[in-house]
Amino acid sequence: MKVIEVKNLCYSYGNGREVIKNLNLEIEKGEFVAIIGHNGSGKSTFAKLLNALFTPNNGEVLIDGLNTKDKNSIYEIRKKVGVVFQNPDNQLVASIVEDDVAFGPENIGVKREEIEERINFALSAVNMQEFRKKTPTKLSGGQKQRIAIAGVLAIKPEILVLDESTAMLDPRGRKEIIDIVKDLNEKGMTVILITHYMEEVVNADRVIVLTEGEKVLEGTPREVFKKKEELKKAGLSLPPATILADKLREKGVDICEVLTPEELKEELCKLFVKI
């Protein structure tokens with residue numbers, strides 16, 4: 001079942017620069033899609049088009065059949081599509097964690113008794129229950145981002161969009177957020193991950209590569225990362241494990257192509273067994 005349909009989508013800013021050019025794509029319910037591209041490729045603009053923060057100049061974005069151009073549908077669309085942006089400090093609005101998580105449900109008219117249930121659900125989903133009475137500004141970057149995600153989850157969206165949401169975190173913080181996202185996806189939530197960390201992309205069902213606002217590559221992570229020259233032209237790198245495996249092959253090591261550290265470890269263990 002399609003939850004997102006993008007048809008001939010075009011978007012330009014006030015200066016006339018076209019950021020999204022004739023983009024067409026579909027996303028199925030429960031799918032995990034990663035969107036990658038160099039800076040200025042249109043990734044973040046696309047995120048804002050998905051929940052009607054921006055409106056297409058041409059073409060359409062349909063969210064579960066609702067058109068983002070229809071002003072009467074915007075409220076419902078923003079309940080269905082939750083977006084977590086890069087800087088959590090820009091998304092935290094209250095002085096207590098539980099009040100921050102409650103902010104979204106309160107603004108869509110959820111009853112107080114249900115809001116309490118949603119706070120518990122959202123904080124449990126990001127493993128932050130023990131911090132509900134804490135002050136958000138005193139938390140670490142990773143903890144703040146978890147609270148930002150919890151605030152979105154409390155609205156109970158069908159689709160979670162992460163727009164460079166791990167960009168300001170250290171490797172440990174990034175892994176924590178990606179683990180949470182994978183768990184949410186496994187429980188049925190549709191996830192759109194916009195990132196420039198290739199090691200995060202390997203978790204996706206499908207990868208879409210944007211260049212200058214146009215879709216230039218699409219496929220599973222393994223399919224996309226095989227197209228090394230095309231990725232290089234798009235200004236993108238490979239996952240670290242893939243790069244290391246390539247360098248080992250250049251040195252004459254008999255090793256298969258890999259995407260993840262786990263796959264690399266398995267290949268290296270095979271070599272030791274042969275010895």
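Only a predicted model underlies this, so the values are computations on that prediction, with no experimental measurement involved.
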When you compare the side chains of Thr211 and Glu214, does any donor N or O come within less than 3.5 Å of an acceptor on the partner?
no

Taking only residues two or more places apart in sequence or in another chain, which ones pass salt bridge (charged side-chain N to carboxylate O under 4.0 Å, His left out) with Asp64?
Lys80

Compile the donor-acceptor pairs under 3.5 Å between side chains in residues 175-183 and protein atoms, sequence neighbours left out, one pair per line.
{"residue": "Lys175", "atom": "NZ", "partner": "Asp179", "partner atom": "OD2", "Å": "2.8"}
{"residue": "Glu176", "atom": "OE1", "partner": "Arg146", "partner atom": "NH2", "Å": "3.1"}
{"residue": "Lys182", "atom": "NZ", "partner": "Asn203", "partner atom": "OD1", "Å": "3.4"}
{"residue": "Asp183", "atom": "OD2", "partner": "Lys187", "partner atom": "NZ", "Å": "3.1"}

Taking only residues two or more places apart in sequence, or in another chain, which ones meet Glu106 in a side-chain hydrogen bond (donor to acceptor under 3.5 Å, both in side chains)?
Arg112

Apart from Leu217 itself, what residues make up its hydrophobic cluster when side-chain heavy atoms of I, L, V, M, F, W and Y under 4.5 Å apart count as a link, directly or indirectly?
Ile36, Met198, Val201, Val202, Val207, Val209, Val216, Val224, Phe225, Leu231, Leu236, Leu238, Ile243, Leu259

Please check this pair: side chain of Asp205 against backbone of Phe32, looking for a donor-acceptor N/O pair closer than 3.5 Å.
yes

For Glu31, give me all partners under side-chain hydrogen bond (donor to acceptor under 3.5 Å, both in side chains), at least two apart in sequence or on another chain.
Arg206

Taking only residues two or more places apart in sequence or in another chain, which ones pass side-chain hydrogen bond (donor to acceptor under 3.5 Å, both in side chains) with Lys156?
none

Hey, are Lys21 and Glu18 close enough for a salt bridge, meaning a charged N less than 4.0 Å from a carboxylate O?
no

All side-chain hydrogen bond (donor to acceptor under 3.5 Å, both in side chains) counterparts of Glu230, not counting sequence neighbours:
none

Applying side chain to side chain donor-acceptor pair (under 3.5 Å) as the test, list every pair that has at least one member in residues 88-104; sequence neighbours left out.
Asp89-Lys144, Glu98-Arg132, Glu98-Lys133

We want to know whether Glu200 and Thr166 form a side-chain donor-acceptor pair, criterion being a heavy-atom distance below 3.5 angstrom.
yes

Could you note down all residue pairs passing salt bridge (charged side-chain N to carboxylate O under 4.0 Å, His left out) where residues 48-59 supplies at least one of them, sequence neighbours left out?
none

Test: ring pair (Phe, Tyr, Trp, His ring centres under 6.0 Å). Region: residues 66-104. Which pairs qualify, not counting sequence neighbours?
none

Ring pair (Phe, Tyr, Trp, His ring centres under 6.0 Å): pairs with one or both residues in residues 35-69, sequence neighbours excluded
Tyr11-Phe54, Tyr13-Phe54

List for me each residue that meets salt bridge (charged side-chain N to carboxylate O under 4.0 Å, His left out) alongside Glu114, sequence neighbours excluded, and say none if there are none.
Arg118

